[in-house]
Structures are given as structure tokens and as C-alpha cells.
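Below, read A as the first sequence line, B as the second, and so on, with proteins coming before strands; counting in each chain starts at 1. Values reported hereafter were calculated over all heavy atoms of this structure, with side chains retained and with hydrogens, waters and symmetry mates removed.
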Number of protein chains: 4
Amino acid sequence: MAEKRTDRALDRTELIKQTTLELAQELGFTKLSIEAVAARAGVGKHTIYRRWPSKGALFLDALLPADAQALDIPNTGDIEADLRTQTYAAVDLLGRPPFGPLYQALLGEAQHDPSVAAALNERFIGPQAQRVRARLKLAQRQGQVAPELDLDLAFAILSGPLYFQFLIAQEIVTHGYIDRVFSALFAGMRPSP
Amino acid sequence: MAEKRTDRALDRTELIKQTTLELAQELGFTKLSIEAVAARAGVGKHTIYRRWPSKGALFLDALLPADAQALDIPNTGDIEADLRTQTYAAVDLLGRPPFGPLYQALLGEAQHDPSVAAALNERFIGPQAQRVRARLKLAQRQGQVAPELDLDLAFAILSGPLYFQFLIAQEIVTHGYIDRVFSALFAGMRPSP
Amino acid sequence: MAEKRTDRALDRTELIKQTTLELAQELGFTKLSIEAVAARAGVGKHTIYRRWPSKGALFLDALLPADAQALDIPNTGDIEADLRTQTYAAVDLLGRPPFGPLYQALLGEAQHDPSVAAALNERFIGPQAQRVRARLKLAQRQGQVAPELDLDLAFAILSGPLYFQFLIAQEIVTHGYIDRVFSALFAGMRPSP
Amino acid sequence: MAEKRTDRALDRTELIKQTTLELAQELGFTKLSIEAVAARAGVGKHTIYRRWPSKGALFLDALLPADAQALDIPNTGDIEADLRTQTYAAVDLLGRPPFGPLYQALLGEAQHDPSVAAALNERFIGPQAQRVRARLKLAQRQGQVAPELDLDLAFAILSGPLYFQFLIAQEIVTHGYIDRVFSALFAGMRPSP
DNA sequence: GAGTAACCGAGACGGTACGTCCCGTCTTAAA
DNA sequence: TTTAAGACGGGACGTACCGTCTCGGTTACTC
């Protein structure tokens, strides 16, 4: 019986999230409104407000579960190739609708709403960074990566240029771009002695 | 007479921009409204709409002239030190009110409004990237930087981690963070042979 | 030019009042909503709120001008007949849709909202009472009415039973009822000596 | 055992009515809500809806038993004095919080809800009218009242002016006002021959 | 004494309307 | 012509209650 209640609540929650995603794709995040989600989902506005404190929080919840899991890092033994592979996957995700524009909007919202930023980090960015750190640690032990490399920085260094291109330059990120970034990062900026 | 008119127009434009900044600091970009700017500035709404097509455009115009000019790159002959110096300045700017939070909001808005993103790149990001490219080209010729370094990528690589920390991790960027990033970037990730 | 503005404002005001009356007849005062008036009139809600502070005030304004003017008192020289004639007219007005039920609702609202009560008295009840007082004063001078009759009370005494029947007993008020009331009031309750 | 259930049900019913009165005094009838009564009484909304079909019905039930019984008519042998005494009592009741404003609100609600009006008449107005009729009948037999006086009208005539003053003019009804009304009613409007 | 039915509190739910805010457009009168 | 002022239609906000509806957890009555 407790199951039933949970199920009903879950049903509603899922319905709302799905509707949110639909509308976000049709209208974009900016024109998305809780009013419209409620109407399309056939749900009272309060039922949404009961679950999420803001449009941003709802949108994050709706968007993130969808594609968040795909970015595991392979382990072929070649660290540079493995990271490249994973980064290709990330770029493919970001570069294409529906996820790309929606994720961009989410990052935009994170600039206005710290709670969105926090949740984003906890649920999406953090885990990715952790996987990269772990994979690099392994590579470091295998001598494939400079022993003095600061692993806590690695994710920022590797994905920073990508996000820069995505959010600020707002140019399409290609595999070629990733290749060039990786070349530069692995080689270093200093001339070889 | 034409002069006077231009002056009046300029006066009004400046007044509106200044009021915009004031209100943005008090309320944040999200709660900023053209209505409120008009009221506070003692100006008709039309007078604002005649000059800017959107809140984002007005805000960009109001924010950018303010502190944009400070980020020149010194040339002491030591490329790493020079870039570091300039990046410290950038970090100091971003890290402190009022510019930091407002600039963050601007970048957030740029995710929703391509015209804001375009103007931002043209007026703020682009010139900075260009200066970094020029300074690195010089350094490359002086043999301080790897000859194969892709200069078009350099700004993204150098500032990407910073923006990642600022926009996504949303942690305060310290000089120490910059130091660690620069160490890693100049040394490269590959173990020295 | 001032004319134009006034005309436009008047147009809107009249349109809203007329729509209010329409909806009130269809739905009754209780189910009447400012939202629905705005929608049907093709007008923003604010345009209504700018003019009236409450549903009651709007309704009063919409209802009262409509039929308020009809209740003049004839002067045939026979005070009892004249008052009777005028009271018949009042009863006919109250007894029939659309005015009757709407006026009843207005009186109901006046119990909850003192400003409605005040406006009602000033614009509808007061003038009627004044006319009755004036007519009675004339009759008093002509010796048709007891010289000691308190004229300030007359309207309450004459129309009180009518309103009692209308608002409290909530039975249909007939001409016969008026006749019986008038007989009693003119004769007095005391036995003739 | 059946007693116990009845007692509990009664307890709840009384608790709800009392809470309703409390809240009505604090907020006024208009702002009174079943939701708030349920919350304050620590009772499920259903428990209220099970007992009363509407806010008006609940309010009537809560208000009327409280003070309804006090308006008996004395019998000193002087009909005018006796009615006056009873009317004074009525006026005192109406004129003072908490009963006055609440009763006014009830009458207001009766204009919107015929079932409230019906219950009001059956339980409050009707009995009063009946007592007045009976007392007058007695007086009529004793020759204190005109034999042709229509007793069915008497309550409307006697209390109509009072209700007019209370509901429509919305002025405080004083004993003096009652005196003047009674003088006029007993003497009649016609000049004595 | 264990069922069982009724009632209860709690509050979720779809829905309607509230009164407010701001959008971007439009009109007016003054300078 | 430009401006300040602000009315306007429109849309969404977040809130309050409506009346209905589960949901578990007592009672109190029946077998």
C-alpha cells in the first residue's frame, strides 16, 4: 500500500519531468513556464511547486537523468586515447540537440541560481571529474602521465577549453578541436629542451 | 545644435547605463527590469527600447565599458610571468564585487541570448584572446614557447580552466589556482622523457 | 486631444461595465470573476484594477447607472397614491430579472464591503430617500400627512418592510403586499379612539 | 456505547463551530475559510464537509445557537412598551460585537445562498415573527391594537425599519431610533381627523 | 478477541482565481 | 522630434482555497 502512494507520486513526478523536457525542446528554457508545464501535464501548479522550488530546479531534474550516465572512460591502456574517446562522447552529446542546447541553458541558469549550480556539480560535473581523476591516477602509476601532474586540476584543464568553446566562444566543438587541445595539453607549452 | 542633441542623447544613454548597473548590483540581473531602470532613471521606457533591444543588451553595454580596459599584458621578456600577471588581474576582477557577480550574470545571459554572446565575444573576449595570441607569438619567436603550440587555441587553454572554476565549479579562483594551472600547462601532461 | 483620451478611457470603462453586467447575469455575482470579465472584454486585468479596487466596486458601478433613474415620485395631489405608485415601480424593478437578483447580490456584497455600502447609499438609496422626504414635506404642508410625522424616518418606515420581505424573508414582493403595508402604516397600529 | 460515538461526534461538531466563530471574529466572514477552520480545529477538511455543505451553512450553524434565544417578548400588559423592550434587546444584540458584525455577514451571505436564507428564516426570523404575531394577537383581543391591523405584516413593519438602518443605511441603531419608529408606527402617517 | 466497518487527521490533487509584475507596444502632452 | 509618463493587452508569477480523493491509523461494534 505504501508502494501505491510512492508509485502515484513517482508517476506524477516523472510525468512532470517528461513534460518539462518536451516543452523545453519546443520553446527553449527561457520561454518555458511552470504554468505551461502544469497545463500540458494536466497537473495543478501546486503539484509542481510542491516538488521543485523553481523552474531551474525542475529543469535540472528533468534534464540530467536523461543522458548523464553515458560518459564513462574506457581503459585501453592508452590514457591519451581513452580520455580523447570520452571527450569525443561528451562533445557529441553537447553538440547535438536536444541535449546540447538544453544543457547550455542549464549552465546559463546555473549562473543565476546557485542551487542549480550546486546540484549540477553534485550530480553531473563532480562524478565526471572524479572518473577522470581516477583514470589519470592509474595512468600516473603506469608512467603514462607526468608524476607531478596535479590530478585535482586535471578535469578543469581538460574540459575547461571545451566549455570555453561551448559557453563563451559559442562555436561548435569538433573532434578536431579536441585533438588539437589534447596535443597542446600533453605536450605542454614550454619548448622541449 | 546638433552637438547639443548628441550630448543630450549621450547623457541619457550614460544615465540609463549607470542606473542599470546600480540596480543590477542591488537586485541582481534576474530581478533587474527595464521598467525599474526607466523609473529609477526618470526616463520613459521607450527611451530605453529605442537604444537597446533587450535587457541583456542593455546590461552588456552597461557592464562592459566599466572595467574592460584593464587587462593588458605586460612584456617583461618572461612569457610565463607576463601571462600570469595578466591572469592574476583577470582573476582579481572576476573574484570581487561588483564586477564578478555581474559578469557571471552576463555570461549566464549569453547562454540564453546569442546576440549577447556575440557582442561579448566581439567586445571583451575577442580582444583579450587577440592580445594573448600576439604576446605568445612574440614569445614563440623568442623561443620561450613551443614552436608547435597552436596559438589559436592558447586563450581557450589558458583561460578555460579559469572559466570552468568560475562558471561551473563556482569556486573562488585564487592566484594559487592560477599558479597550479600554469605549471601544469607549461609542463604538459606527458612525463618528461 | 484631451477628448480623445477621455473617449478611449470611457470606451474601455463602459465596455468593462457592460461585460460585467453580462457575466453577472449569466453566472451570478458570486461566480463572477475579474479574470472572466477581463477575458470576455478583451482587456488586461490591470485595466480593471486600475479603475476599481474590488469586484464589488466594479459591480456596483456596472449595475447602478442602469436602472437607477426611474424611481421618481409623481405628484397627483394624493400622497398615499403617489407613494404607492412609486413603490410599485420599485417593487417591479426588484422583482424581475435582471435587476432584481443583481441588486440583491449588491446588497449582499454591501454587508461584506463598507465601501460598497457607502457608494450604494450615496448614489442610490440616499437620493430616493431625499425624494420621499421632499414629497412628504409637501404633503405635510397640505395637511395630508400627520404634522408630527418624523420625515427623516419616513423612507426607512416605508421601504423597510419591502426590504425585509426582499432580503430576509426572501419572498416575492407583490403590489398587494405594498397595499397592505401602506394601509397599516397610514392607519397606524393603535386602535382609533 | 452509542452514546460515546454521539458524544465524540458532538464534541467535534461543537469544536468546529466554536473554531468557526473564533476565526470569523478574527478575520471576518469573507476571509474565513474551511481550510483555516480545519487547520485551527485540528480536524480534517472532510470532517467539516461531512457535516456542512458550505461555508455559509457552517457559519449559520456556528452563529445562530449562540444568542438566538434571548429575544422573548415580555408581557406587562402594555403592548407598545413590551415590543419596545424586545426591540431594544434586539438592537443591543445587533449593535455590538461580536454578534452584530457576524450577523450582518450572515445576512449578506443569505443574499448569495438561498439555503442560508431559508435556514435563517426557519431558525431565527420565523420564530421571532411568530412571537410578535402572538403577542400582538393578544393585544388586539385586549383592544390595545387596531383590530384591522394585519398581524402577518406586523413583524415586517416593526423590524423592517430596523433592518433597513442596519443593512442598508448601515448606521448604528439606537434606542432613540426605535422610539421614533414606534411612535410613527403606532400613530400612523395620516393626520388624526 | 479478532475482525470489520466507520470515522478520523492529514494532506495530495486538479482546478480556478487572486492580485502583482513585467513585457513590448502605443498614445499623449510638453519641451 | 524627442522625451517622460504611463495606459494597454498579454502572459506568467507564486499563493490561497475550493471540493474531491486517497492514505494510514485509530475506535467502537459485531460475530
For A:V43 and D:G42, take the nucleotide of DNA chain E holding the closest heavy atom to each; which residue's nucleotide lies nearer the 5' end? D:G42
Donor-acceptor pair under 3.5 Å, C:K45 side chain vs E:dG19 base: yes
Does anything in residues 26-36 of chain B come within less than 4.0 Å of DNA chain F? Heavy atoms only, and list the residues if so. none
Residue whose nearest DNA chain E nucleotide is more 5′ - A:G44 or D:G44: D:G44
Would you say that D:R51 contacts D:D61 through its side chain, given a criterion of any heavy-atom pair below 4.5 Å between the two side chains? no
Expressed in angstrom and rounded to an integer, what is the separation of C:K55 atom NZ from E:dC18 atom P? 7 Å
Can you confirm whether D:T19 sits close enough to D:V43 that some side-chain heavy atom of one is under 4.5 Å from a side-chain heavy atom of the other? no
A:Y49 has its side chain closest, among F:dG19, F:dC13, E:dC7, to F:dC13
Would you say A:T13 and A:W52 make side-chain contact, with heavy atoms under 4.5 Å? yes
Write down the distance between CG (C:L23) and C1' (E:dT16), rounded to a whole number of angstrom. 15 Å
Polar pair under 3.5 Å, donor/acceptor by atom type, side chain B:H46, base E:dC26: yes
Nearest whole Å is fine: how far is F:dT2 P from B:I48 CD1? 17 Å
B:F59 and side chain to side chain contact (heavy atoms under 4.5 Å, CB included): which partner among B:L102, B:L64, B:L23, B:V37? B:L102
Just checking, any donor-acceptor pair under 3.5 angstrom between side chains of B:T47 and B:R12? no
When rounded to whole Å, the CZ to P distance for the pair D:R12 and E:dA6 reads 18 Å
Among B:T20, B:L58, B:L120, B:L21, exactly one meets side chain to side chain contact (heavy atoms under 4.5 Å, CB included) together with B:L63. Which residue is that? B:L21
Write down the distance between CG (D:D11) and P (F:dT27), rounded to a whole number of angstrom. 14 Å
Side-chain donor-acceptor pairs of residues 24-32 of chain D under 3.5 Å, sequence neighbours excluded:
{"unit_1": "D:E26", "atom_1": "OE1", "unit_2": "D:R40", "atom_2": "NH2", "d": "2.8"}
{"unit_1": "D:E26", "atom_1": "OE2", "unit_2": "D:R40", "atom_2": "NH1", "d": "3.1"}

Report the distance from atom CZ of A:R50 to atom C1' of F:dG14, rounded to the nearest whole Å. 14 Å
Rounded to whole Å, please give me the gap between CG in C:L15 and C1' in F:dA7. 15 Å
For the side chain of D:R51, starting at C-beta, report the closest nucleotide among F:dC21, E:dC8, E:dC18. E:dC8
